[in-house]
Amino acid sequence: MDMQLTADEVAFRKEVRSFIRSALPTQIRDKVAAGGYGSRDEMIEWTRILHAKGWSVPHWPVQWGGTGWSPMQLAIFDDEIQLANAPQPLAFGVNMLGPVLYTFGNEAQKARFLPRIANLDDWWCQGFSEPGAGSDLASLKTSARLEGNAYIVNGQKTWTTLAQYAEWIFCLVRTDPESLQPGRKKQEGISFLLIDMKTKGITVRPIQTIDGGVEVNEVFFDDVRVPVENLVGQENRGWDYAKFLLGNERNGIARTGATKEKLRRIRQLAQNGYEGGPPRAHDRRFMEKLTAAEIELRALEITQWRVLARVAKNPKGKPDPASSILKIKGSQMQQCATELLLEMAGPYAMVRKSSASDAHNQPPVGPEWAAVTAPQYFNYRKVSIYGGSNEIQRNIIAKAILGF
Amino acid sequence: MNFDLSEDQQLLKDTFERFLKQTYGFEQRKAACAKPEGWSHDIWREMAEIGLTGLLVPEAHGGFGGGKVEAMVALEALGSALVVEPFLPTAVLCAHLIAKHGTTAIAEEYLPKIVDGSALLALAHMERQAPLDPANVATTAKPSGDGYVLNGEKTLVLHGDSAQALIVSARVAGNQTDRAGIGLFLVDAKASGLKRQAYATQDNGRAAEISLYDVPARALGEAVAKDGLLALEATIDLGMACICVEAVGAMAALHALTVDYLKMRKQFGLPIGAFQVLQHRAADMYIALELARSMAISAMMSTDEPDAHKRHQAIAAAKVQIGRAGMMLGEEATQLHGGIGMTMEYASGHYFKRLTMIDAQWGDADHHLGQLARQGSLLSD
């Protein structure tokens, strides 16, 4: 038993840290540190910096641009990205579609799409959820009917993150309508299609979320023609690929590095008063809450290492059901950090930034950082909903670990 | 990073678990608790035979020479069986203090007896005015002949009722709350002027109040006779790490018991574990258990950290997490069991009681959280 990183791993962390911190453009870092996101162009800029270094898709096979790093090195890399306030590489291409393509795609698809994902030449979005298919994803209804050498797609996807930026969407579609009939398995009539967002018949409608932002969209398909060569794997086997994808999605979902960075920032902000008031660090109750969060984060981090050490012994095995712990607790800790920030802002959390200053070129009301705390708090309610809601994760624990 | 046991450690774990399975079922434990001293000398002797009592005693003194991982293996097993015998005070706290700081004479006298099970010792460091502050010591030690005499009172001395000898903290210099001037002394429990009031604790443990009136004593070791506080604090930290691991053993057993019950108990024509609301509560208990396990490992692995501040931070943080998790699991297990969980004749309540007392011992979650909050960031780089 040994809880230390090896000397090689320590050296690796140092190398990764120094590269990321020197290569990350400051305006992107500051945006992420303040709780925002990079713009489309900034995401592309950062991905290409990583790509030039050979690090944009580190967990992929070396043949497709991966690094050959160990699971521990990959975790250290993720951690360092988060600790540096660097944007995480765009998950839809890098973490979701990429592994599906190099595992189940044909050679032509791999050669066509993988290099463009690695360089963020193509911005991908994910077409899984539908208005009637959320946690019960397999009941999805968007249809794809084969006509000659193309599928004709009709239906609607929703919660499509950053579809407004996307060049492509990967979709789960129903290719066997009979599979929805009683007595059939609804999972068995689903296929995995790659669809060019410029195709005629696609409409994107933005959805404004409670934080005021526009991250997610509805995507409508009206007789959209998709060439048959854009089918991944076999027809009606798409559910298998989706399960594979969702299993991968749970890796790294704890985002402990990002939460650690937020807690560190909270502690820093607490050292100084604002608007002439006393430092929050004098508030014993607040500091105990912050300390309790640091302790829980430490517990989560060690739990993550324990799961990782198990995965490292059998890297090609099925997803470890214990990663559901990481999803649940990781999302709770991310939310906890935004709650502490909100609390720190006190009454200045009330100010809506655009209405108070930007629009009229007036001085900001309250401390600069306080204005984003409420939107961030509201926005982060999503993390216990996406990626398999925390209730679905509890079902997984109950079934796969506790044997109910 | 590696969280596996070595082959030898795994063997040790199997040995302890097999032993406890045979000798320490619920009914056997009940019989041990019913004995006049509240625990069983026969079982204690058997614990000595399989190497448990001498687990942390150096090989030079006939012990197993185990370290932190061996201690972790033992305590988790003892926790899952709710063992009430005086393992912690004798085989951990006093064995550690004597091996690390004792004079040669004391080490030669006591360590082999800890190994063979014939010595029972206890650590008397708490005082009523501030039981959680080991530096708050009113008990005095004055040189007398080639030894010392002690005067004062000690409280909540675990297994102090049956101990043949006590290690006592006493002030040789300075004011009551000074960190300097606290020595550690060895006292024969039968010495003149020593009185003890024995009592049971809520979790079937035993303890004593000790009063000392001109009690003859020996310095535990030359260095710790004058300044023993750092050694005492390190020993308390070791004890806290040990009960954190013990709690994980207890929580894991309690969780397994609860899950089994949910699968077996039928109402409305179904096992109640078929209801999602109960499955999710069992899942939340499991999450709390695994996070607690991570912190207990971290606490135990920090016990030999040379920086005393870092060591204490890591162990106190674990005590917070384990205290909270222990209460959560205890309360949830009782609720999920329904009426049966309220009875003395069923095991879950005994786990609940032990977990509650572990939280209370050496400072509960709120106590340590309050202290840690005044000490700066716990975040690692």
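- With a 4.5 angstrom heavy-atom cutoff, A/Ile397 touches chain B only via side-chain atoms.
- Residue contact with chain B, scored on non-hydrogen atoms closer than 4.5 Å, involves the side chain of A/Glu301 exclusively.
- Looking at A/Arg285, neither its backbone nor its side chain comes within 4.5 Å of chain B, counting heavy atoms on both sides.
- Of the listed residues (A/Met287, A/Lys289, A/Arg267), the greatest number of heavy-atom pairs within a distance under 4.5 Å of chain B belongs to A/Arg267.
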Problem set entry | Stepwise side chain to side chain contact (heavy atoms under 4.5 Å, CB included) check, B/Leu369 with A/Ile295 | CA-CA 9 Å; B/Leu369 184 60; A/Ile295 294 171; 4.1 Å; yes
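- Residue A/Asp79: no heavy atom, backbone or side chain, is found under 4.5 Å from chain B.
- Residues B/Leu379 and A/Lys260 approach most closely at CD1-O, 3.6 Å, considering heavy atoms.
- More than 12 heavy atoms of other residues, nucleotides or ligands shown are found within 6.0 angstrom of CD on A/Gln271.
- Within the 4.5 Å cutoff, no side-chain heavy atoms of A/Arg264 are placed close to those of B/Ser377.
- Taking chain B as the reference chain and counting heavy-atom pairs below 4.5 Å, the highest number among A/Ile325, A/Ile328, A/Leu263, A/Asp2 is found for A/Asp2.
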For this session: For the pair B/Gln276 and A/Asn395, evaluate side-chain hydrogen bond (donor to acceptor under 3.5 Å, both in side chains) and give the outcome as yes or no after the intermediate values.
Result: CA-CA 8 Å; B/Gln276 192 185 39; A/Asn395 288 351; 2.9 Å; yes
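- Between the side chain of A/Glu288 and the main chain of B/Ala373, no donor-acceptor pair closer than 3.5 Å is present.
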Problem set entry | B/Phe3/A/Met3 under side chain to side chain contact (heavy atoms under 4.5 Å, CB included): CA gap, chis, key distance, verdict | CA-CA 7 Å; B/Phe3 294 90; A/Met3 281 180 60; 3.7 Å; yes
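- Proximity to chain A at a heavy-atom threshold of 4.5 Å picks out B/Gly273 from residues 264-275 of chain B, in numerical order.
- Taking CE of B/Met1 as the reference point, atom CG of A/Leu5 lies at 4.0 Å (rounded to 0.5 Å).
- For a residue to count as touching a neighbouring chain, one of its non-hydrogen atoms must lie under 4.5 Å from one of that chain's; by this rule A/Ala292 touches chain B with backbone and side chain alike.
- More than 12 heavy atoms of other residues, nucleotides or ligands shown are found within 6.0 angstrom of NZ on B/Lys263.
- Chosen from B/Gln321, B/Lys68, B/Arg324, B/His255, the residue pairing most often with chain A at heavy-atom distances under 4.5 Å is B/Gln321.
- Contact count versus chain B (heavy atoms, under 4.5 Å) is highest, among A/Arg284, A/Met72, A/Glu296, for A/Glu296.
- Between chain B and the residues A/Leu297, A/Leu290, A/Ile401, the most heavy-atom pairs under 4.5 angstrom are made by A/Ile401.
- Proximity to chain B (any heavy atom under 4.5 Å) is restricted, for A/Lys313, to the side chain, taken from C-beta onward.
- Taking CG from A/Leu326 and CG from B/Leu291, the interatomic distance works out to 9.0 Å, rounded to the nearest 0.5 Å.
- In terms of non-hydrogen atom pairs under 4.5 Å with chain A, the most contact-rich of B/Leu372, B/Asp366, B/Val69, B/Leu5 is B/Leu372.
- The distance from atom CE of B/Met295 to atom CG of A/Leu300, rounded to the nearest 0.5 Å, is 11.0 Å.
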Problem set entry | Evaluation steps, side chain to side chain contact (heavy atoms under 4.5 Å, CB included), between B/Leu378 and A/Arg298 | CA-CA 8 Å; B/Leu378 288 161; A/Arg298 176 84 184 136; over 6 Å; no
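- For the set B/Ala317, B/Ala365, B/Ala256, the count of heavy-atom pairs under 4.5 angstrom toward chain A peaks at B/Ala317.
- Within the structure, salt bridge (charged side-chain N to carboxylate O under 4.0 Å, His left out) pairs that include any residue of residues 281-296 of chain B comprise A/Arg306-B/Glu290, A/Arg394-B/Asp284, B/Glu76-B/Arg293, B/Arg281-B/Glu332, B/Glu290-B/Arg293 (at least two apart or interchain).
- Between chain A and the options B/Ser294, B/Ala318, B/Ser6, heavy-atom pairs under 4.5 Å are most frequent for B/Ser294.
- Nearest heavy atoms, A/Glu294 versus B/Gly376: OE1-O, 4.5 Å.
- There is no contact between B/Gln375 and chain A, counting heavy-atom distances below 4.5 Å.
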For this session: Dump the intermediate steps for side chain to side chain contact (heavy atoms under 4.5 Å, CB included) on A/Met1 and B/Asp4, then the final yes or no.
Result: CA-CA 5 Å; A/Met1 189 158 311; B/Asp4 296 334; over 6 Å; no
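- For CD of A/Glu391, the number of neighbouring non-hydrogen atoms (other residues, nucleotides, ligands) closer than 6.0 Å is greater than 12.
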